[in-house]
Amino acid sequence: MLAIRNINELLIVPPGPVPGRAMRHIETLRSAAVLLDDERIAWFGPDADCDPPAGCPTLDAAGGCVLPGLIDCHTHTVFAGARADEFVRRLEGATYAQIAEAGGGIRRTVEAVRAATGDGLVALAQPRIQRMLANGVTTLEIKSGYGLNVDDELKMLLAIRRLQAHTPVELVATYLAAHTTPRERAGRADEYLDTVLAPAVLARIRDERLAEFCDVFCERTAFTVEQARRVLTTARQYGLIPRLHADQITQMGASALAAEVGALSADHLETIDDGGIDALKRAGTVPVLLPGCSFFLGVEQAPARRLLEADLPVALATDHNPGSCMIESLPLVMGIACTQMRLTPTEVVVAATANAAAALNRRHQVGAIAVGMQADLVVLDVPDHQSWMYELGRNCVRSVVKKGKVVVGLTW
Ligand code: NIG
Ligand code: FE
């Protein structure tokens with residue numbers, strides 16, 4: 001048992017997916033308390049009514065705000081090397097696509113990842129994940145996609161698996177071998193896909209549970225809609241749930257493909273059109289927006305308000321990666337969604353909790369404050385969630401609770 005007392009504002013986020021128009025109307029409770037029974041939320045209500053058993057340890061929220069642990073549902077946090085020079089080239093006028101076409105971009109990181117050992121990848125990612133946890137993230141999706149051959153893609157997935165032993169953050173792995181075609185197979189994308197979609201490879205990923213999802217970058221510099229369809233339908237035969245990088249730079253009808261294959265999420269969506277919005281709605285696909293990426297690249301944001309108006313359960317994630325978004329902080333990205341996409345603080349909290357849980361097929365486990373839900377909670381040192389977003393860029397996290405255990409901050 002653990003009691004969290006003296007909460008000024010408890011955000012009672014319901015289990016996802018929360019439809020767009022409902023996202024700004026979340027119940028809050030003032031002067032609240034929460035009781036945790038082992039790994040689950042056992043009770044919440046007014047602090048005056050809180051009746052913990054004798055000797056129950058207490059976490060004093062000190063008049064702060066409490067909400068579900070954050071869920072970063074789209075990242076590329078396992079990587080080696082750096083691309084600060086590309087950041088500077090873009091400031092001087094080059095675009096992300098131009099840099100990719102000139103041999104930079106993803107392929108640069110691929111060289112560094114291939115040169116790294118599995119141990120090396122683990123050592124590089126571990127402190128990043130630790131900092132994400134300190135910012136309130138309790139569930140984190142990580143993709144492969146910088147190996148681009150069978151051995152190095154598996155090396156990345158195995159690194160994600162091994163990282164789990166080093167962190168209380170729940171890690172969720174996605175197979176993104178179809179991130180782009182590797183240099184040695186340039187112009188022969190289908191032949192490359194034959195190798196990473198080989199039955200023995202997909203069977204191993206399934207049997208060893210090395211990934212839950214399969215992702216593909218559907219883009220002019222990566223894979224066509226037809227190729228993406230092949231990747232996702234083939235992987236699905238091996239139990240990998242489809243999701244994709246859709247409509248980021250080029251409008252190619254990738255959202256329609258997401259709907260067609262029943263993808264759990266369609267991510268990016270900077271160039272989504274009305275047809276794509278209708279398709280996601282029909283299919284129940286969760287739109288995952290990545291405002292840190294457009295902010296980092298200095299390009300236009302996805303039409304977030306239109307997606308919310310269409311009543312879609314919008315989710316938010318960092319897209320943390322060395323090329324298009326070297327931003328680790330999900331709270332910072334939520335603040336960017338407020339100022340650049342005009343989402344309200346309540347909407348961004350729902351997008352980074354309940355709806356992100358839905359995007360990771362975990363809506364019954366995490367992302368909400370409800371009796372029986374996993375006790376993943378964040379305690380902020382600000383009195384309410386509006387003040388949190390207002391203090392854009394400062395880490396306001398006082399404590400983090402994962403599966404009922406205090407993993408950041410102190411209990412007393
Ligand atoms: O989500 N879009 C494709 N993948 C990443 C970028 C990866 C990279 O540039 O290294 C993204 O933006
Ligand atoms: Fe991405």
Side-chain angles (χ1 to χ4, degrees), residues 72-87 89-90 94-114 116 121 124-125 128 140-148 152-153 156 172-183 213-223 227-228 231 243-252 254 258 263 265-272 286-302 315-328 330 333 336 356 359-360:
D72 198 343
C73 63
H74 178 142
T75 84
H76 309 253
T77 291
V78 168
F79 63 84
R83 287 157 43 199
D85 53 336
E86 293 181 3
F87 180 75
R89 274 166 68 195
R90 277 194 302 277
T95 66
Y96 180 82
Q98 283 166 351
I99 291 169
E101 275 156 9
I106 293 169
R107 288 177 180 168
R108 290 262 310 284
T109 303
V110 170
E111 281 170 27
V113 165
R114 286 181 178 176
L121 293 178
L124 285 165
R128 296 173 190 144
L140 171 67
E141 187 261 14
I142 309 178
K143 302 171 196 295
S144 71
Y146 291 124
L148 304 191
D152 289 303
E153 283 295 309
M156 289 193 74
V172 180
T174 296
Y175 185 48
L176 177 60
H179 201 182
T180 193
T181 307
R183 202 184 301 275
F213 298 96
C214 182
D215 195 343
V216 52
F217 188 18
C218 191
E219 182 57 56
R220 198 166 48 80
T221 54
F223 296 98
Q227 288 162 340
V231 170
R243 54 192 311 182
L244 65 162
H245 284 70
D247 300 342
Q248 182 184 3
I249 304 165
T250 318
Q251 176 46 247
M252 314 199 302
S265 75
D267 305 29
H268 272 292
L269 308 180
E270 287 83 342
T271 65
I272 194 170
V286 178
V288 177
L289 304 183
L290 310 165
C293 179
S294 297
F295 178 78
F296 192 84
L297 294 175
V299 300
E300 207 164 317
Q301 294 286 352
L316 284 173
T318 58
D319 196 18
H320 178 234
N321 76 78
S324 65
C325 188
M326 193 64 172
I327 302 176
E328 289 174 346
L330 184 52
V333 165
I336 292 170
L360 290 185

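The shown structure was predicted, so the numbers you read here are calculated from the model rather than taken from an experiment. Whatever order the structure lists ligands and atoms in, that order sets their numbers, starting from 1.
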Please work out which of Ser324, Ala222, Gly81 has its closest non-hydrogen atom nearest to atom 12 (O) of ligand 1.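 Heavy atom nearest to atom 12 (O) of ligand 1 belongs to Ser324.
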Among protein heavy atoms, which lies nearest [atom], and at what distance?
atom: atom 11 (C) of ligand 1; value: Asp319 OD2, 3.1 Å
atom: atom 4 (N) of ligand 1; value: His179 NE2, 2.8 Å
atom: atom 7 (C) of ligand 1; value: Tyr146 OH, 3.3 Å
atom: atom 9 (O) of ligand 1; value: Tyr96 OH, 2.4 Å

Classify the ring geometry of His179 against His245: parallel below 30°, tilted from 30° to 60°, perpendicular beyond 60°.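 Judged by the thresholds at 30° and 60°, the geometry between His179 and His245 is tilted.
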With atoms numbered from 1 as shown, which atoms in ligand 1 lie under 4.0 angstrom from a non-hydrogen atom of Gln248?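 So the atoms of ligand 1 that pass are 2 (N), 12 (O).
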Going by the atom numbers of ligand 1, which of them fall below 4.0 Å from some non-hydrogen atom of Ile106?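 Result: 7 (C), 8 (C), 9 (O), 10 (O).
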If only side-chain N and O atoms count, and only distance matters, is there a donor-acceptor pair under 3.5 Å linking Thr109 with Arg83?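 Arg83 vs Thr109: donor-acceptor pair found between side chains.
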Are any non-hydrogen side-chain atoms of Arg90 and Leu297 less than 4.5 angstrom apart?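 Yes; the side chains approach each other to less than 4.5 Å.
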Answer whether the closest heavy-atom distance between the side chains of Phe213 and Ser265 falls below 4.5 Å.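 Phe213 vs Ser265: side chains apart.
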Quick check against the 3.5 Å criterion: does Thr318 have a side-chain atom that pairs as donor or acceptor with the backbone of Leu330?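 Flag not set: sc Thr318 to bb Leu330 has no pair under 3.5 Å.
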Tell me, yes or no, whether the heavy-atom count around Phe295 atom CZ, taken from other residues, nucleotides or ligands under 6.0 Å, exceeds 12.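 No, CZ of Phe295 has 12 or fewer neighbouring heavy atoms, counting only those of other groups under 6.0 Å.
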Results of ring pair (Phe, Tyr, Trp, His ring centres under 6.0 Å) for Phe296 - residues two or more places apart only: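 By the ring pair (Phe, Tyr, Trp, His ring centres under 6.0 Å) rule, Phe296 matches Phe87.
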What residues, two or more places apart in sequence or in another chain, satisfy ring pair (Phe, Tyr, Trp, His ring centres under 6.0 Å) together with His320?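 Testing His320 for ring pair (Phe, Tyr, Trp, His ring centres under 6.0 Å), a comparison that skips the adjacent residues, returns Phe79.
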How many N, O or S atoms of the protein are nearer than 2.8 Å to the Fe ion (ligand 2)?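 Atoms of protein N, O or S type lying less than 2.8 Å from the Fe ion (ligand 2) total 4.
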Please round to the nearest 0.5 Å and tell me the distance separating atom CG of Leu244 and atom NE2 of His268.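 Atom-to-atom, Leu244:CG and His268:NE2 are 10.5 Å apart.
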Less than 4.0 Å is my threshold; does some heavy atom of Phe79 fall inside it relative to ligand 1?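 No; Phe79 lies far enough from ligand 1 that no heavy-atom distance drops under 4.0 Å.
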Are any of the heavy atoms in Arg83 under 4.0 Å away from ligand 1?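 Arg83 counts as a contact of ligand 1 under the 4.0 Å cut-off.
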Suppose we screen for salt bridge (Lys or Arg N to Asp or Glu O under 4.0 Å). Which residues come up paired with Glu141, at least two apart in sequence or across chains?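 In terms of salt bridge (Lys or Arg N to Asp or Glu O under 4.0 Å), with neighbours along the sequence ignored, Glu141 is linked to Lys143, Arg243.
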